[in-house]
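As structure tokens, the structure follows; a few thoughts come after it.
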Amino acid sequence: MASTPSVPLLKDELDIVIPTIRNLDFLEMWRPFFEKYHLIIVQDGDPTKVIKVPEGYDYELYNRNDINRILGPKASCISFKDSACRCFGYMVSKKKYIYTIDDDCFVAKDPTGKDINALEQHIKNLLSPSSPFFFNTLYDPYREGADFVRGYPFSLREGVPTAVSHGLWLNIPDYDAPTQLVKPLERNTRYVDAVMTIPKGTLFPMCGMNLAFNREIIGPAMYFGLMGDGQPIGRYDDMWAGWCTKVICDHLGLGVKTGLPYIWHSKASNPFVNLKKEYKGIYWQEELIPFFQSATLPKDCTTVQKCYIELSKQVKAKLGKVDDYFIKLADAMVTWIEAWDELNPSAEKSTELPNGAAAAAAK
């Protein structure tokens with residue numbers, strides 16, 4: 001008797017968002033893991049170019065013309081000629097969860113040689129709690145074969161909802177241009193079998209090429225900023241989203257996990273092109289990081305939208321002095337929230353802070 005095929009986890013509750021300028025041949029490799037899921041493809045660059053998607057996939061594809069048509073004047077908040085355009089996919093999705101992956105990310109193998117189902121591990125991360133208020137030295141206590149260590153407060157063992165699962169990469173590491181230039185041959189071969197919650201009050205560099213999140217509880221904060229065409233900066237889209245998201249998660253009592261799963265990052269981008277995109281960000285970040293480290297949100301910010309609007313005001317007031325770009329970015333942050341709420345009219349309710357998380361955050 002034929003065995004019944006297993007139903008993929010969250011098949012009807014998760015969208016895979018892919019930004020691209022090319023044919024998506026890489027999806028052939030991911031077919032065993034992705035084929036049953038719905039894809040949202042955000043085509044960057046020339047909207048007249050035809051993007052080929054392998055047969056058998058259920059997908060919707062949006063190009064720049066579609067973005068302009070759907071958002072009208074508010075389309076100005078969506079970047080052009082930069083992978084930051086992916087966040088449009090987050091906005092139009094109707095699912096609870098999002099997984100986003102770059103088209104140069106292939107299936108990695110674990111140390112035993114087995115193909116890694118990255119999506120399955122992200123789902124496990126998102127469906128188990130986080131522990132941001134007290135660090136567990138055995139890393140994720142909710143994983144099979146682990147637990148809370150001696151001395152871990154019992155009052156904190158319930159954990160908090162996980163908003164973000166940040167995966168890593170084998171082969172080409174996610175380095176900035178100066179590091180690429182001095183280590184052109186460096187490859188990441190270290191497979192660390194660990195998932196950990198990033199502690200409350202600690203920022204991290206979020207990479208968007210292997211990333212999953214709970215759209216219902218943190219989606220509106222996942223704005224990838226103004227990058228690329230017509231902007232003075234690039235390659236800081238995911239960083240910006242990560243800093244904003246972490247500040248808001250800390251305020252709302254939500255968790256961010258990093259570690260497994262790994263993907264195989266197949267090709268290094270040109271370090272000289274990257275340097276041109278990054279150079280302002282490299283010195284701006286020395287002021288951006290202290291800004292986010294000291295950012296606080298008032299107690300009446302009980303939804304992600306309210307938090308994000310408040311953060312945009314602080315960006316304008318404090319970072320506007322660094323460069324006029326941040327005044328424009330702060331305005332775009334507001335436009336993004338307005339567009340999000342237009343496309344997701346019930347979002348204001350659904351992103352209300354969970355009671356347990358609220359109590360934990362207030363401690």
Side-chain angles (χ1 to χ4, degrees), residues 14-64 66-67 78-93 95 97-109 115-122 165-175 180 187-188 206-213 222 224-225 227-229 234-239 241 261-271 273-274 277:
L14 183 144
D15 279 333
I16 300 173
V17 175
I18 305 166
T20 194
I21 55 169
R22 59 181 67 85
N23 293 336
L24 294 178
D25 302 334
F26 90 114
L27 286 172
E28 285 296 353
M29 179 184 285
W30 285 103
R31 192 180 286 280
F33 307 129
F34 287 1
E35 192 176 28
K36 299 288 192 292
Y37 291 87
H38 179 68
L39 311 181
I40 297 178
I41 299 158
V42 184
Q43 178 180 343
D44 197 16
D46 180 6
T48 64
K49 183 179 176 182
V50 177
I51 300 286
K52 290 180 181 168
V53 182
E55 277 186 35
Y57 276 100
D58 168 38
Y59 69 94
E60 50 195 295
L61 186 149
Y62 298 94
N63 60 34
R64 192 68 207 188
D66 299 316
I67 294 170
I78 304 296
S79 300
F80 184 54
K81 294 188 176 172
D82 192 282
S83 65
C85 67
R86 79 177 79 220
C87 63
F88 177 77
Y90 311 160
M91 186 187 275
V92 295
S93 170
K95 305 286 176 65
Y97 300 97
I98 296 284
Y99 175 51
T100 185
I101 185 171
D102 285 5
D103 60 15
D104 62 350
C105 293
F106 299 165
V107 178
K109 292 186 185 297
D115 283 352
I116 297 167
N117 183 346
L119 184 51
E120 182 180 52
Q121 180 63 49
H122 274 298
S165 171
H166 177 258
L168 297 173
W169 351 268
L170 292 170
N171 196 35
I172 307 291
D174 187 28
Y175 285 163
Q180 277 184 297
R187 300 293 180 264
N188 183 34
M206 187 176 84
C207 171
M209 67 174 133
N210 174 27
L211 177 73
F213 59 93
M222 278 289 178
F224 275 46
M227 302 283 149
D229 197 49
R235 284 172 58 83
Y236 273 86
D237 51 336
D238 43 7
M239 299 294 133
Y262 285 90
I263 50 83
W264 179 268
H265 188 207
S266 65
K267 66 175 190 288
S269 45
N270 185 312
V273 172
N274 289 349
K277 292 177 180 177

(request) Using the six-membered ring wherever Trp is involved, compare the ring planes of Trp30 and Phe33 and label them parallel, tilted or perpendicular (cut-offs 30° and 60°). (result) perpendicular

How far does [atom1] of [X] sit from [atom2] of [Y], to the nearest 0.5 angstrom?
X      : Y      : atom1 : atom2 : answer
Ile67  : Asp44  : CD1   : CG    : 8.0 Å
Tyr262 : Leu170 : OH    : CG    : 6.0 Å
Ile116 : Gln121 : CD1   : CD    : 9.0 Å
Glu28  : Tyr57  : CD    : OH    : 6.5 Å
Ile263 : His122 : CD1   : NE2   : 8.5 Å
Met29  : Cys105 : CE    : SG    : 11.0 Å

Suppose we screen for salt bridge (Lys or Arg N to Asp or Glu O under 4.0 Å). Which residues come up paired with [X], at least two apart in sequence or across chains?
X      : value
Lys109 : Asp115
Arg187 : none
Lys95  : Asp15

Sub-4.5 Å side-chain heavy-atom contact between [X] and [Y]:
X      : Y      : result
Ile78  : Arg64  : yes
Asp102 : Pro19  : yes
Trp264 : Ile172 : no
Phe26  : Asp104 : no
Leu14  : Leu119 : yes
Asn188 : Leu168 : no

Write down the atom of [X], the atom of [Y], and the distance for their closest heavy-atom approach.
X      : Y      : answer
Val42  : Cys85  : CG1-O, 3.4 Å
Asp46  : Thr48  : OD1-OG1, 2.7 Å
Ala118 : Asn210 : CB-OD1, 4.4 Å
Val17  : Thr100 : O-OG1, 2.9 Å
Ala268 : Gln180 : CB-NE2, 4.3 Å

(message) Please check: side-chain N/O of Asp103 versus main-chain N/O of Leu24, any donor-acceptor pairing under 3.5 Å?
(response) no

(request) Just jot down the side chain to side chain donor-acceptor pair (under 3.5 Å) partners of Gln43, sequence neighbours excluded, or say none. (result) none

(message) Going by the rule side chain to side chain donor-acceptor pair (under 3.5 Å), which residues pair with Tyr236 if we only count those two or more places apart in sequence or in a different chain?
(response) Gln285

(message) Please enumerate all residues that pass side chain to side chain contact (heavy atoms under 4.5 Å, CB included) together with Asp237, with sequence neighbours excluded.
(response) Asp82, Ser83, Ala84, Phe224, Met227

(message) My understanding is that only one of Met206, Met91, Arg86 makes a side-chain contact (heavy atoms from CB on, under 4.5 Å) with Met222; could you say which?
(response) Met206

(message) Please determine whether the number of non-hydrogen atoms from other residues, nucleotides or ligands lying under 6.0 Å from atom NZ of Lys267 exceeds 12.
(response) yes

(message) Suppose we call two aromatic rings close when their centres sit under 6.0 Å apart. Are Tyr90 and Phe213 close by that rule?
(response) yes

(request) Report the C-alpha distance between Arg235 and Asn274 in whole Å, list the side-chain angles of each, state the deciding distance to 0.1 Å, and finish with yes or no for side chain to side chain contact (heavy atoms under 4.5 Å, CB included). (result) CA-CA 8 Å; Arg235 284 172 58 83; Asn274 289 349; 3.4 Å; yes

(message) Determine whether Tyr37 and Asp58 satisfy the following criterion, side-chain hydrogen bond (donor to acceptor under 3.5 Å, both in side chains), listing intermediate values before the conclusion.
(response) CA-CA 7 Å; Tyr37 291 87; Asp58 168 38; over 6 Å; no

